[in-house]
Amino acid sequence: MNIYHLSGKKLTNDKCSMINENMSAKLNVNIDHVATIREARKTIEPSIITAAVVCEQAGAHGITVHLRQDRRHIQDRDIELLREVVTTYLNVEMAASEEMLNIALRTKPDAVSLVPESPDEITTEGGLDVIGNFENIKSVIQKLKDAGIFVSIFIDPDLEQIEAAKGVGAQQVELCTAEYAEMTLSARAAHGEGAEKAKAEIERIKNAAERAKNLGLIVAAGHGLTYRNIAALAAVPEITEFNIGHNIISRSVFVGLNQAVKEMIEAVNQS
Ligand code: PXP
């Protein structure tokens, strides 16, 4: 029997062994910050390629990188090399621009996640406004899909944006968990009004995930997720994929990348 990945790609035997009906959500490790360290010195280490291989060997289901317009961490050549090396699933986050579209069509990652991008942001700030950029996003998605690339859109857990995501032809939505994550930081967040707000945000994410699934969209989530705050989201059955970076790479400084990835997989599975 042939088994196909969500992207439509036929899976080889060892990739098939990862598919299991009762499996928890998948973990794609975002390795941008390995490149952030390398770019701090504009040198060749640490190797993004070694990082990807270690993540895969530790059990990650995929590798995510964000090619930013300012190239502050991941470089074009990284995408080309990762495409050669990654054997699980390569997900490239990018803005819906002509330049990025051409890079995706040339390098053919398994998936592209469309994200908003503003030049001064420290990290991605909230989801893409699909309603406000409907025609451009629709046209970019069609070109990506025509090239056999699976398309996800990073959006806030907002029902109208989810409907729009369906309307532009996305196959997956990645729900932005930044607001939830913010509420889980610091003691004040844990004991004060943050705890209530975090609960409310989880409800909002759950409703959004249900709506997206009912519309036939695959549901992912990410941004600001940590070993400590993942459990409530891992318990949402509609969410089948997480993209997590900063917290895993931070922990890897102390315990090594292999161990840090394994611990996050365990945290996702514990729900
Ligand atoms: N998902 C998207 C769309 C992102 O832009 C990012 C950050 O690059 C992440 C997930 C990962 O966020 P974090 O590094 O906070 O885990």
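All heavy atoms count here, side chains included; hydrogens, waters and symmetry mates do not. Both counts, for ligands and for their atoms, begin at 1 and track the order of listing.
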| Side-chain heavy-atom pair L114, M100 within 4.5 angstrom cut-off |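 Of all side-chain heavy-atom pairs linking M100 with L114, none is under 4.5 Å.
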| field | Side chains of E99 and M94 in contact at under 4.5 Å (non-hydrogen atoms) | value |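 E99 does not reach M94 side chain to side chain.
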| Test: E203 and K206 ion pair at under 4.0 Å | yes
| query | Is the shortest distance from a Lys or Arg side-chain nitrogen in R72 or D32 to a carboxylate oxygen in the other one below 4.0 Å? | reply | no
Distance filter under 4.0 Å to [X] heavy atoms, resulting ligand 1 atoms:
X    : result
N30  : 8 (O)
I244 : 16 (O)
V115 : 3 (C)

| said: Tell me whether R228 at atom CZ has more than 12 heavy atoms from other residues, nucleotides or ligands lying less than 6.0 Å away. | reply: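 12 or below, so no.
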| Which one of H66, E117, H223 has a non-hydrogen atom at the shortest distance from atom 7 (C) of ligand 1? |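 Of the listed residues, H223 has the closest heavy atom.
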Specify the protein heavy atom at minimum distance from [atom]: its residue, its atom name, and the distance to 0.1 Å.
atom                    : result
atom 14 (O) of ligand 1 : H246 N, 2.9 Å
atom 1 (N) of ligand 1  : E174 OE2, 2.6 Å
atom 2 (C) of ligand 1  : E93 OE2, 3.1 Å
atom 15 (O) of ligand 1 : G224 N, 2.8 Å
atom 16 (O) of ligand 1 : G245 N, 2.8 Å
atom 11 (C) of ligand 1 : N243 O, 3.8 Å
atom 5 (O) of ligand 1  : T124 OG1, 2.9 Å

| query | Using a distance-only test with no angle check, is there a side-chain donor-acceptor pair under 3.5 angstrom linking N28 and E241? | reply | yes
| query | Side-chain donor-acceptor pair under 3.5 Å between N30 and T64, yes or no? | reply |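 The answer is no; no qualifying pair exists.
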| said: Contact between ligand 1 and N247 is defined here as a heavy atom of the residue under 4.0 Å from a ligand atom; is it met? | reply: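 Contact absent.
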| task | Give a yes/no on ligand 1: does S113 have at least one heavy atom closer than 4.0 angstrom to it? | result | no
| Got a sec, which pairs hit ring pair (Phe, Tyr, Trp, His ring centres under 6.0 Å) with one end in residues 221-271, sequence neighbours left out? |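 Counting only pairs at least two positions apart or across chains, the ring pair (Phe, Tyr, Trp, His ring centres under 6.0 Å) contacts touching residues 221-271 are H33-H246.
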| Of V173, T240, I239, which is the lone residue that meets side chain to side chain contact (heavy atoms under 4.5 Å, CB included) with I218? |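 The side chain to side chain contact (heavy atoms under 4.5 Å, CB included) with I218 is passed solely by T240 among V173, T240, I239.
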